[in-house]
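For reference, the structure discussed in these notes is given below.
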Amino acid sequence: MASAYGTWHSPFDAASMAAATPRIDGARFVGDEIWWGESVPAEGGRIAVRSSTGAEILPSPWNARSRVHEYGGGAWTTDAAGTLYFVEGGDQRVYRMPRGGSPQPITEAGPQYGGLSVQHGRLLAVREDLRPERHVRAIVEIPTDGSAADNDDAARVFVSTSGFVAHPALSPDGTRIAWVQWSTERMPWEQCLLHLAAIGTDELATIGTGAALQPEWVTDTELLFLDDPKGRWNLERVELDGLHVASRTAYPIDADTGGGLWVLGNRWYRPLGDSRIAAVRTNGADELVLIERDGTSTHLSLPVTAEASIDDASGGRILVSGTGATVDRGLWVLDTVTGQAFAVRGGAPVDRNWVAAPRPVTFDGPHGPVHAFDYPPTHPDAVAADGELPPYIVMVHGGPTAHVGGAASTAYTYWTSRGIGVLDVNYGGSTGYGRAYRERLDGQWGVADVDDVIAAARGLVASGAADPDRIAIRGGSAGGWTVLCALVRGGAFSAGISRYGVADLRMLASDTHDFEKHYLTGLVGPLPEAEQTYIERSPLTHADRIDVPVLLLQGADDRVVPPNQSEAIRDALAARGIPHEYVLFSGEGHGFRRAENIIAAFEAELAFLGRTFGFTPA
């Protein structure tokens, strides 16, 4: 019997979605074990560290979470003996925990740390000290004996700057250090320099000059890194004579090995110790490749197509986290010699009867092609009435310099199994398609991104896949900005869902944190010269043009986009009697981590769409 789209019975409720395979947060080979970090929504979203033996290495209430650059990353690491070093989310101090022991602080309270790594027996980190009398970031070596627990001056400082630093890499002989650095006026995907210094001297060299990423030493004289001087993040290899480049080899290909440096723990490649390199390549979707010294490459068979990270390597084995079109999110071990692989955590095949297969699609837009992934309604038994077209949600990722890949998604299955399609858009400004595609947004935020999502929605309708009167747009953070801008533009969407979205650019410029303080200069223009553009682009300025229902979801403790942004839009909608709902989640920051809030948010969204589009969810 036919049933209307949106009313299909689904076993994927919000509770099961919140408890689905958690996000992996780094992984390491530790002797015969594999350790990994994972989020635990049922425990407030804390990051636990667990072992392939079944042991919980970092138990509750400890939480390995960094706040460096606000988005953190690299909050834990280990040494060869299995000693765990981690940043505690509550006080941002680094702790040392021997195997079987209890955590003890080894840094002073006050600064915050991230990007932890043990290199050649030494613990390196990125330190961010935002106290007014200091306000400095540094690459430091933390003494593991606890001598810096009461005095951070005991930590050895390799690099100190008012800008930003990441990816410290110590040469095997301990005489040189490489790192990437960018100024407060630029974002790392705009320009990020690769520096090389001789430790204990004033000698400094700059090698990468584009948007450099992830230096890795192969030997004392050989260094690998990523850069994009020709528009794609590609691998480069340099032979060094001291700090001078003796020879340089690039491995160009029309795909990206690299991405937006939002967090400190990303690893897009790993040298394997035998001149080969395992790497992620992205051109819309991710793939894994093995690169030989001469630049030839072969595909590595692993079902990871999105969010791929090569977290560690040991001999010819690599640890890969990510998700895929045919599997759920997980962590795998892959032997690059035999090709054998197995899942350590998650990575189970999805049930194609229920889980929509993502379909890459491209639409024509006013600024060029618009790339997206289509997830149509999918159900083993339910069918719609003849002639009925499904409602759709157009998803807008955050960033805006971010990327979505075509991967199975429990969150999207929540919608598609009920008869609601999902179109996931990589609008201009997204990574994964080269520098020219992401620079489409330069000076055009609130214009090009809106043009692109509207073009995608209209292209989907023109293909006959969606009901033109029942298309919603949904996004968070920068994606929430695009949602509100698109609703102001009008004509394409019948409803909007904004999660902690930006509503007023001047308000954002005055409230936002250091990492993104000058992001708007590139996206919109400099202040005060471009103030009128800030006013004209802001959805709050034109809230009187929004004439469709809006759902606003917001974290009370959000320091990236504070609640006053959503509340300003709420008040403007209320003043005009536009149907709207506002839900404020206490204890949540920029994104929802607690299981109960994840559940409440999705249930609120489903109920909102049912009321707006005229169906009653099962």
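Between D311 and R267 there is no salt bridge, since none of the side-chain N atoms of the basic residue sits less than 4.0 Å from a carboxylate O of the acidic one. By the 4.0 Å N-to-carboxylate-O rule, R489 lies close enough to D451 to be salt-bridged with it. Using a cutoff of 4.0 Å between basic side-chain nitrogens and carboxylate oxygens, E581 and R570 are not scored as salt-bridged. The pair E43-R594 does not meet the salt-bridge criterion, since no charged nitrogen lies less than 4.0 angstrom from a carboxylate oxygen. Remark: D514 engages R137 in a salt bridge, criterion side-chain N to carboxylate O under 4.0 Å. Between E70 and R559 there is a salt bridge, since a side-chain N of the basic residue sits under 4.0 Å from a carboxylate O of the acidic one. Between R440 and D452 there is a salt bridge, since at least one side-chain N of the basic residue sits less than 4.0 Å from a carboxylate O of the acidic one. Using a cutoff of 4.0 Å between basic side-chain nitrogens and carboxylate oxygens, R593 and E588 are not scored as salt-bridged. Between R46 and E88, no side-chain nitrogen of the basic residue sits less than 4.0 Å from a carboxylate oxygen of the acidic one, so the salt-bridge criterion is not met.
A donor-acceptor pair is defined here as one N or O able to donate and one able to accept, closer than 3.5 Å; no such pair exists between the side chain of S477 and the backbone of G479. T161 places a side-chain N or O within 3.5 Å of a backbone atom of G163 that can act as its donor or acceptor partner. Within the 3.5 Å criterion, the main-chain N or O of L226 finds no donor-acceptor partner in the side chain of Q214. A donor-acceptor pair under 3.5 Å is absent between the side-chain atoms of R418 and the main chain of A618, judged by distance alone. At distances below 3.5 Å, not a single donor-acceptor pair connects side-chain atoms of S39 with backbone N or O atoms of P41. Of the possible polar contacts, none joining the D449 side chain to the Y427 backbone as a donor-acceptor pair under 3.5 Å is found. S417 places no side-chain N or O within 3.5 Å of a backbone atom of S10 that could act as its donor or acceptor partner. At distances below 3.5 Å, not a single donor-acceptor pair connects side-chain atoms of R186 with backbone N or O atoms of H518.
Ring-plane geometry between F164 and H69 is classed as perpendicular, the angle between the planes exceeding 60 degrees on a 0 to 90 degree scale with a lower cut at 30. Using a 30° and 60° split on the angle between ring planes, W189 and F515 fall in the perpendicular class, above 60°.
Cation-pi geometry between R499 and W481 is not satisfied (NZ or CZ under 6.0 Å from the ring centre, within 45° of the ring normal). With a 6.0 Å cutoff to the six-membered ring centre and a 45° limit on the axis angle, R474 counts as a cation-pi contact of F602. At least one cation-pi condition fails for R127 and Y113: the charged atom is not both under 6.0 angstrom from the six-membered ring centre and inside a 45 degree cone around its axis.
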Quiz item: Y519 and T401: side-chain hydrogen bond (donor to acceptor under 3.5 Å, both in side chains), yes or no, with the steps?
Solution: CA-CA 10 Å; Y519 196 8; T401 310; 2.6 Å; yes
Practice problem: Show your working on salt bridge (Lys or Arg N to Asp or Glu O under 4.0 Å) between E108 and R93 and close with a plain yes or no. | Solution: CA-CA 6 Å; E108 183 184 10; R93 300 172 78 181; over 6 Å; no
Quiz item: Passes ring pair (Phe, Tyr, Trp, His ring centres under 6.0 Å), H513 versus Y71? Steps please.
Solution: CA-CA 11 Å; H513 57 116; Y71 297 105; 5.6 Å; yes
Self-check item: Pair R438-D228, salt bridge (Lys or Arg N to Asp or Glu O under 4.0 Å): steps then yes or no
Solution: CA-CA 12 Å; R438 68 180 188 269; D228 70 339; 2.8 Å; yes
Practice problem: List the steps and the verdict of side-chain hydrogen bond (donor to acceptor under 3.5 Å, both in side chains) for E603 and Y414. | Solution: CA-CA 10 Å; E603 289 181 343; Y414 178 80; 5.8 Å; no
Quiz prompt | Audit row: E307, R329, salt bridge (Lys or Arg N to Asp or Glu O under 4.0 Å) steps and yes/no | solution = CA-CA 9 Å; E307 302 174 29; R329 190 184 308 279; 2.4 Å; yes
Exercise. Take V583 and L552, measure what side-chain contact (heavy atoms from CB on, under 4.5 Å) needs, and give me the verdict at the end.
Key: CA-CA 6 Å; V583 184; L552 303 163; over 6 Å; no
Quiz item: Under the side-chain contact (heavy atoms from CB on, under 4.5 Å) criterion, do D256 and T431 qualify, and how do the steps go?
Solution: CA-CA 9 Å; D256 286 313; T431 58; 5.7 Å; no
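Screening W415, Y412, Y392 for a ring pair (Phe, Tyr, Trp, His ring centres under 6.0 Å) involving Y375 leaves a single residue, Y412.
Between I598 and M17, the closest heavy-atom pair is CG2-CE, 3.8 Å. When every heavy atom of A457 is checked against every heavy atom of V394, the shortest pair comes out as CB-CG2, 4.1 Å. Here the shortest heavy-atom pairing between I471 and A492 reads CB-O, 4.2 Å. The two atoms that bring G406 and T305 nearest to each other are O-OG1, 2.8 Å, heavy atoms only. Closest non-hydrogen pair, G555 versus P563, comes out as O-CG, 3.6 Å. Residues Y500 and S566 come closest through the heavy atom pair CA-OG, 4.2 Å.
Counting non-hydrogen atoms of other residues, nucleotides and ligands closer than 6.0 Å to CG of D544 gives a total above 12.
We find the OG1-NZ distance between T184 and K517 to be 7.5 Å, quoted to the nearest 0.5 Å. Going from atom CD of Q554 over to atom NE2 of H590 covers 9.0 Å, rounded to the nearest 0.5 Å. The CG atom of D424 sits 8.0 Å away from atom CZ of F373, with the distance rounded to the nearest 0.5 Å. Interatomic distance, S463 OG to R458 CZ, rounded to the nearest 0.5 Å: 14.5 Å. Atom CD1 of I569 and atom CG of L487 lie 9.0 Å apart (nearest 0.5 Å). Here I47 contributes atom CD1 and F86 contributes atom CZ; the two are 13.0 Å apart, rounded to the nearest 0.5 Å.
There is no side-chain donor-acceptor pair under 3.5 Å between N426 and H371. Residues H135 and S162 have side chains that never bring a donor and an acceptor to within less than 3.5 angstrom of each other. Side-chain contact annotation: H403 with S430, donor-acceptor N/O pair under 3.5 Å absent. A donor-acceptor contact closer than 3.5 angstrom is absent between the side chains of N283 and Y433.
Between T521 and E185, every side-chain heavy-atom pair lies at or beyond the 4.5 Å cut-off.
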